[in-house]
Amino acid sequence: GPKEYPFGSGSLKGELPGGGTDVFFENLSNSIKSEEIEFHLVTQKHNDQLTFEKIENLFVYRVPWRRGRYRTVIAHFWAFIRSLKIDFDIILTILEPPLIFGYFLSKLKQKKLLCRLGGLSGDAHKLENMQIELKFLKAFNRFVLPKSTKVIFASEREKKVLETNLNINLPNSAIIKTGIKKVGDLKIVPNKNKPFTILYLGRLEKVKGVDILLKSIKKVENAVLWIVGSGREENELKRFTHIYNLSDRVKFWGFSKNI
């Protein structure tokens, strides 16, 4: 699933920084370091990175890719080819096209398939320039998800929306909420004397739904929005902020490693 390992290594080579999937896999690999589990992670290779390295019980394989519209498909095709030579017991994929190649890999290797879905923000954007691809993915999901060993959702709402959109029922599903590291008790006490600050931290891509967040800020009194991150939608979001007179309530901080 991930496009880089370790997290942030791609951005050091001039690529867009990784997203939630990359963080998820890094956290997962760190959480099982003390377990008697071999974790094999297939990701994209950036410049002078090693094509293979072993870090305790983590095995990292890096495969070639190509910039462009089908970057993800190309990378996961090579990940599929590389995985044919790996000895494993279960497959974990996140989103498509990893799910596509994961499904065929599970059939060829006769292994169990776990697939984790990736949220609902993409449902709000129709991605007009990818209608053919979306129709294919929808048909594929309708066929594969019921046949998977387990389909993992982050919430009941995510599960219900997908089942409704695909007109399927997934009794083979589980809800595993996205966790966060607890840093102490958090108490939000509104202060009328200063603005209520909302932080968005992540890539600025259309499917992230940051434009929806901007529209929502207009309806929240005494609130300001800090946006930390960069991406292809950055200029469009800044233009939106200017058009809707939100410049005094929205601040763009750009990409940062020091959060």
Side-chain angles (χ1 to χ4, degrees), residues 1-30 32 37-118 122 127 129-130 132-141 143-145 147-149 151-152 203 205 207 231-232:
K3 63 173 175 284
E4 61 179 5
Y5 186 89
F7 178 70
S9 56
S11 61
L12 293 176
K13 309 298 181 181
E15 300 300 320
L16 286 173
T21 298
D22 304 85
V23 174
F24 171 83
F25 273 113
E26 184 161 284
N27 288 342
L28 178 60
S29 64
N30 289 333
I32 61 174
I37 298 173
E38 284 188 2
F39 189 56
H40 297 262
L41 183 66
V42 188
T43 184
Q44 299 178 23
K45 183 179 184 298
H46 298 281
N47 296 350
D48 56 351
Q49 285 187 309
L50 298 174
T51 55
F52 172 78
E53 62 179 313
K54 183 178 182 297
I55 309 168
E56 297 181 48
N57 61 340
L58 171 65
F59 299 75
V60 182
Y61 309 84
R62 297 186 178 91
V63 298
W65 55 278
R66 179 179 294 179
R67 289 184 183 87
R69 183 185 181 101
Y70 298 109
R71 163 184 174 160
T72 305
V73 176
I74 294 171
H76 288 293
F77 168 78
W78 288 113
F80 169 78
I81 297 299
R82 185 66 186 86
S83 298
L84 290 173
K85 298 181 180 180
I86 301 174
D87 183 23
F88 55 84
D89 297 299
I90 196 166
I91 303 167
L92 171 64
T93 69
I94 294 186
L95 296 174
E96 317 92 345
L99 174 58
I100 297 174
F101 292 110
Y103 171 74
F104 290 112
L105 188 64
S106 70
K107 292 302 180 184
L108 287 171
K109 294 273 225 174
Q110 294 296 298
K111 303 295 182 180
K112 294 181 178 181
L113 173 64
L114 303 182
C115 49
R116 185 175 188 269
L117 279 298
L127 300 178
N129 63 332
M130 299 189 70
I132 296 177
E133 292 91 336
L134 290 175
K135 287 181 180 178
F136 168 76
L137 291 177
K138 188 172 183 178
F140 186 85
N141 280 337
F143 173 75
V144 169
L145 293 178
K147 302 178 185 299
S148 302
T149 308
V151 184
I152 303 170
R203 290 183 296 135
E205 300 293 326
V207 295
R232 287 171 290 192

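Looking at D89, its side chain never comes within 3.5 Å of a backbone N or O of K111 through a donor-acceptor pair. Proximity of a side-chain donor or acceptor of Q110 to a complementary backbone N or O of K107 within less than 3.5 Å is detected. In this structure a side-chain-to-backbone donor-acceptor pair under 3.5 Å is present from K54 to E56. Judged by distance alone, the side chain of H76 and the main-chain N or O of T43 form no donor-acceptor pair under 3.5 Å. Side chain of K45 to main chain of N47: a donor-acceptor pair is present (N/O by atom type, distance under 3.5 Å, no hydrogens or angles). In terms of modelled atom types and a separation under 3.5 Å, the side chain of W65 and the main chain of I74 share no donor-acceptor contact. Not a single donor-acceptor pair under 3.5 Å links the side chain of E38 to the backbone N or O of L58.
Relative to the ring axis of F24, R116 places its NZ or CZ within 45° and under 6.0 Å from the centre.
Between T93 and L114 the shortest side-chain heavy-atom distance does not fall below 4.5 Å. Under the 4.5 Å side-chain criterion, counting only non-hydrogen atoms from C-beta, I86 is in contact with V42. Between F77 and V63 the shortest side-chain heavy-atom distance does not fall below 4.5 Å.
Heavy atoms from other residues, nucleotides or ligands lying under 6.0 Å from NZ of K85 number 12 at most.
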Steps toward side chain to side chain contact (heavy atoms under 4.5 Å, CB included) verdict (Q49, S9):
CA-CA 9 Å; Q49 285 187 309; S9 56; 3.3 Å; yes
Side chain to side chain contact (heavy atoms under 4.5 Å, CB included) assessment of E4 paired with Q44
CA-CA 6 Å; E4 61 179 5; Q44 299 178 23; over 6 Å; no
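Residues satisfying the ring-ring contact (aromatic ring centres under 6.0 Å, His included) criterion with F101, sequence neighbours excluded, are F80. Annotation: ring-ring contact (aromatic ring centres under 6.0 Å, His included) contacts of Y103 (sequence neighbours excluded): F143. In terms of the ring-ring contact (aromatic ring centres under 6.0 Å, His included) criterion, residue partners of F59 (sequence neighbours excluded) are, by chain and number, H40.
Considering all non-hydrogen atoms of both residues, K109 and L84 come closest at NZ-O, 3.0 Å. For the pair L41 and P2, the tightest heavy-atom approach, listed with the atom from each and the gap, is CD1-CG, 3.5 Å.
To the nearest 0.5 Å, atoms CD1 (I100) and CG (L105) are separated by 13.5 Å. The structure places OG of S83 at 7.5 Å from CD1 of I91, a figure rounded to the nearest 0.5 Å. The CZ atom of F39 sits 10.0 Å away from atom CG of N30, with the distance rounded to the nearest 0.5 Å. Atom CD in E53 sits 4.0 Å away from atom CD1 in I55 (nearest 0.5 Å). The distance from the OG atom of S106 to the CZ atom of F88 is 8.5 Å, given to the nearest 0.5 Å.
For the side chain to side chain contact (heavy atoms under 4.5 Å, CB included) criterion with R62, the lone passing option out of W78, Y5, F52 is Y5. Each of L145, L92, L99 was checked for a side chain to side chain contact (heavy atoms under 4.5 Å, CB included) with L113, and the lone residue meeting it is L99.
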